[in-house]
There are 2 protein chains.
Amino acid sequence: MGTHERRSREKDELRRKILDAATRIFIEEGYENVSMRKIADSIEYAPSTIYLHFRDKVDLVTSICIEAFAELDRRLDSIIGQGLPPMETLRLALREYIQFGLDHPAYYVFVFCTPQYVFKDIDPTSFSNIHTCAMGSFQRLRTGIQSCMTNGDMPAGDVESISQSIWLCVHGVTSGLVVDCGFPFIDRERLIDESLLRILKGAA
Amino acid sequence: MGTHERRSREKDELRRKILDAATRIFIEEGYENVSMRKIADSIEYAPSTIYLHFRDKVDLVTSICIEAFAELDRRLDSIIGQGLPPMETLRLALREYIQFGLDHPAYYVFVFCTPQYVFKDIDPTSFSNIHTCAMGSFQRLRTGIQSCMTNGDMPAGDVESISQSIWLCVHGVTSGLVVDCGFPFIDRERLIDESLLRILKGAA
DNA sequence: TTGATTTCCTGAACAGCGTTCATTAACCTG
DNA sequence: CAGGTTAATGAACGCTGTTCAGGAAATCAA
């Protein structure tokens with residue numbers, strides 16, 4: 001009696017359809033412009049149907065972001081796995097982090113540039129889920145810094161403090177370019193590369 | 001015949017009342033939670049009256065931010081005016097910049113962390129006004145860097161490139177702490193101070 | 001003191017939003 | 001086929017920014 005299985009498969013398929021439709025809108029127009037009605041229209045269901053699969057809009061968009069940030073972790077792991085010198089690995093990984101932000105502006109802004117008051121009256125678990133996204137990547141940064149110290153490329157010191165400093169700076173480069181607040185930046189590639197060199201020089 | 005003058009004074013006063021009411025809500029609840037109806041209620045006017053003084057919500061909030069960032073420029077000028085060594089002046093000014101962001105989270109997030117798609121369908125002049133805010137402060141940074149080079153504290157180089165790098169990093173520290181995306185940061189003061197030292201070390 | 005004119009302000013309306021919930025329709029089980 | 005379960009919906013609630021025809025009040029000219 002595979003009825004159960006088929007039903008739950010159909011349920012998963014609809015969930016997938018919702019996620020895909022929402023992702024398309026989210027990527028193109030950002031969180032604020034994702035609307036439950038737009039999603040529903042595009043998959044030809046009623047808006048209320050979405051609530052059978054997601055608690056609320058934040059829960060839906062968070063699910064999208066979790067998938068995307070898993071992709072970041074894969075990219076980072078692929079760099080780490082190349083067995084390059086610690087300092088070079090670190091630089092490439094940070095470069096990849098920035099590139100990920102530039103490639104997925106809506107995701108990056110939603111997770112790292114959206115203040116809490118935008119998520120007024122939402123389930124706290126939805127909120128904490130958002131930041132589970134980032135913790136995996138940060139753990140990789142911490143490990144990378146540790147390797148640099150062990151290898152003698154960086155003076156021994158408080159790994160946590162240095163990791164957070166470096167993340168803040170790299171986050172600044174990423175968010176500054178992603179948000180694009182109308183500032184007349186110089187050539188992107190050059191700005192990113194020179195910024196990274198300076199950030200690593202400051203830590204070494 | 002001071003009628004004209006009185007009338008235009010009354011007009012200014014109402015504009016002021018709107019700005020003050022909006023500022024209160026903006027500070028407490030952020031851009032997204034500012035509503036024309038809330039503002040109107042709190043000053044006992046009809047929502048439509050606000051549109052006689054401001055083109056739209058973005059125009060209103062932008063006016064608020066321009067006032068606030070003028071305050072930042074004053075703070076920076078007061079530091080610059082102390083005649084300290086260039087490097088020390090630079091460090092203190094950057095510290096003040098970060099502090100300004102922490103003191104005025106709603107302002108900082110609105111100007112520097114809000115992507116363009118949030119301002120969909122708005123007058124382009126409203127948008128460009130937002131970033132006029134920041135240009136003054138950035139010009140001061142550029143001058144400060146130039147002084148450091150002239151003084152021999154920094155190797156001669158592309159002032160624009162270094163200024164933008166440093167701003168991106170300092171912006172990262174500010175926005176990272178202001179947005180507070182749930183990350184377990186170490187002690188704020190220490191994180192800020194150590195980050196600043198590393199940023200300046202990377203440029204020197 | 002009139003009447004005309006300008007200025008200020010408003011109420012209602014439009015189109016959109018996230019979300020809830022009673023009700024219906026479809027399906028599976030026995 | 002009856003009973004029960006599940007899926008999906010339409011209508012509604014209370015918000016949002018914004019527009020605009022119309023009214024009220026203050027000013028000006030005669």
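Bear in mind the structure is a predicted one, so any value in this text is a computation, not a measurement. Order of the sequence lines sets the chain letters (A, B, ...), proteins ahead of strands, with each chain counted from 1. What's counted below: heavy atoms across the whole structure, side chains too, no hydrogens, waters or symmetry copies.
Looking at the side chain of B:Tyr45, the nearest of the listed nucleotides D:dA8, C:dT10, D:dA7 is C:dT10. In the set D:dA8, D:dT9, D:dG17, D:dT9 carries the atom at the smallest distance from any side-chain atom of A:Ser48. Checking C:dG18, D:dA7, C:dC9 against the side-chain heavy atoms of A:Ser35 singles out C:dG18 as nearest. Residue B:Arg37 has its side chain nearest to C:dC14 when only C:dC14, D:dT9, C:dC8 are considered. With C:dT19, D:dT19, C:dG11 as the candidates, the nucleotide lying closest to the side chain of B:Tyr51 is D:dT19. Closest approach to the B:Asp56 side chain among C:dT10, D:dT9, D:dT18 is made by D:dT18 (side chain taken as heavy atoms from C-beta onward).
Ionic pairing of B:Arg188 and B:Asp193 is not present here: no N-O contact between side-chain nitrogen and carboxylate oxygen is shorter than 4.0 angstrom.
Among the protein residues, B:Thr49 comes within range of the nucleic acid bases, having at least one heavy atom under 4.0 Å from a base atom. Within the 4.0 angstrom heavy-atom criterion, no nucleotide atom of any strand lies near B:Val58.
The only member of A:Arg24, A:Lys17, A:Arg16 that meets salt bridge (charged side-chain N to carboxylate O under 4.0 Å, His left out) when paired with A:Asp20 is A:Arg16.
Aromatic ring centroids of B:Phe110 and B:Phe119 lie under 6.0 Å apart.
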Next item on the list: Step by step, work out the side chain to side chain contact (heavy atoms under 4.5 Å, CB included) result for A:Tyr97 and A:Val170.
Entry: CA-CA 8 Å; A:Tyr97 179 93; A:Val170 171; 3.7 Å; yes
